[in-house]
Amino acid sequence: MFETLEVFRMADTMTRHADVRQNVVAGNTANADTPGYKARDVVPFADLVEGGAPATPMRASRARHLHGGEGLATAITRPQRDGYAEPNGNNVSLENEMLKSVEVKSQHDRALAIYRSGLSLMRMSIGRR
């Protein structure tokens with residue numbers, strides 16, 4: 001019942017986007033010393049909502065199903081473009097990754113606040129608090 005309401009669907013999508021971005025940031029941080037590693041980032045959530053991101057491909061349920069598509073994570077990740085690069089070809093900046101992880105937490109908290117607000121509105125509409 002609740003999944004058909006647009007507010008809850010938006011909060012769910014925002015939470016999933018934050019999850020994908022946190023995984024990408026964690027991968028960048030884990031590979032901060034890997035020679036030749038190129039940092040990645042995720043298409044901003046606002047661009048996804050406005051339709052500026054590529055369409056999400058079908059998700060594979062097993063290794064050889066649908067030729068092994070990766071789903072949402074590969075559809076919205078992109079190489080990070082900035083002028084920073086180490087002599088070994090790595091372009092991960094730990095400071096930038098820390099800032100991104102704070103942004104992800106903020107986005108997740110915002111999605112949770114939207115969800116809670118929607119629930120409280122529904123409770124008020126049926127006379128509960």
Side-chain angles (χ1 to χ4, degrees):
M1 175 179 154
F2 296 125
E3 62 273 355
T4 60
L5 297 175
E6 189 64 33
V7 171
F8 294 112
R9 209 172 338 167
M10 180 66 73
D12 179 59
T13 304
M14 187 180 282
T15 303
R16 290 174 191 257
H17 181 269
D19 176 51
V20 169
R21 190 164 191 217
Q22 182 63 41
N23 286 331
V24 170
V25 169
N28 288 345
T29 303
N31 288 296
D33 291 332
T34 304
Y37 182 81
K38 302 297 179 200
R40 298 181 306 148
D41 201 357
V42 175
V43 175
F45 183 71
D47 290 351
L48 287 176
V49 173
E50 294 173 1
T56 304
M58 291 187 280
R59 179 176 248 161
S61 61
R62 59 188 180 278
R64 297 190 54 126
H65 182 228
L66 298 173
H67 306 292
E70 294 290 325
L72 182 64
T74 56
I76 65 173
T77 56
R78 63 181 181 193
Q80 181 175 311
R81 307 240 191 266
D82 58 3
Y84 175 81
E86 292 287 330
N88 65 2
N90 186 317
N91 70 343
V92 176
S93 167
L94 289 176
E95 293 83 7
N96 288 340
E97 299 307 315
M98 286 176 26
L99 290 173
K100 286 180 198 172
S101 87
V102 170
E103 290 172 6
V104 169
K105 172 142 179 29
S106 173
Q107 180 180 348
H108 189 269
D109 290 345
R110 190 176 312 119
L112 186 58
I114 291 169
Y115 183 75
R116 285 182 181 159
S117 173
L119 279 179
S120 67
L121 284 172
M122 290 185 71
R123 285 185 185 130
M124 284 189 340
S125 71
I126 61 172
R128 293 185 184 174
R129 289 181 187 228

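For D109, the CG atom counts as densely surrounded, since its 6.0 Å shell holds more than 12 non-hydrogen atoms of other residues, nucleotides or ligands.
S125 contributes a side-chain N or O that, together with a main-chain N or O of M122, makes up a donor-acceptor pair within less than 3.5 Å.
There is no side-chain donor-acceptor pair under 3.5 Å between S120 and R116.
Shortest non-hydrogen contact noted between H17 and P44 is NE2-C, 3.9 Å. What you find for F8 and L119 is that their closest heavy atoms are CZ-N, 3.8 Å. The two residues A18 and Q107 have their closest heavy-atom pair at N-NE2, 3.8 Å. Here the closest heavy-atom approach between residue N90 and residue A32 is recorded as ND2-O, 2.9 Å.
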### Message
Between N88 and Y37, is the side chain to side chain donor-acceptor pair (under 3.5 Å) condition met? List the steps.
### Response
CA-CA 9 Å; N88 65 2; Y37 182 81; over 6 Å; no

### Task
Evaluate the side chain to side chain contact (heavy atoms under 4.5 Å, CB included) criterion for residues F45 and T13: first the C-alpha distance (whole Å), next the side-chain angles of each, then the deciding distance (0.1 Å), finally the verdict.
CA-CA 9 Å; F45 183 71; T13 304; 3.8 Å; yes

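Contact check on R9 versus E6 returns a salt bridge, with a Lys/Arg side-chain nitrogen under 4.0 Å from an Asp/Glu carboxylate oxygen.
To the nearest 0.5 Å, the span separating CG on N31 from CG on N91 amounts to 11.0 Å. Between atom CE of residue M14 and atom CD1 of residue I114 there is a gap of 4.0 Å, rounded to the nearest 0.5 Å.
Test R16, K100, R40 against R21 for side chain to side chain contact (heavy atoms under 4.5 Å, CB included) and you get one pass: K100. For the side chain to side chain contact (heavy atoms under 4.5 Å, CB included) with V24, the lone residue among V42, T29, V104 that qualifies is V42.
Here D19 pairs with nothing under the side chain to side chain donor-acceptor pair (under 3.5 Å) rule; sequence neighbours left out.
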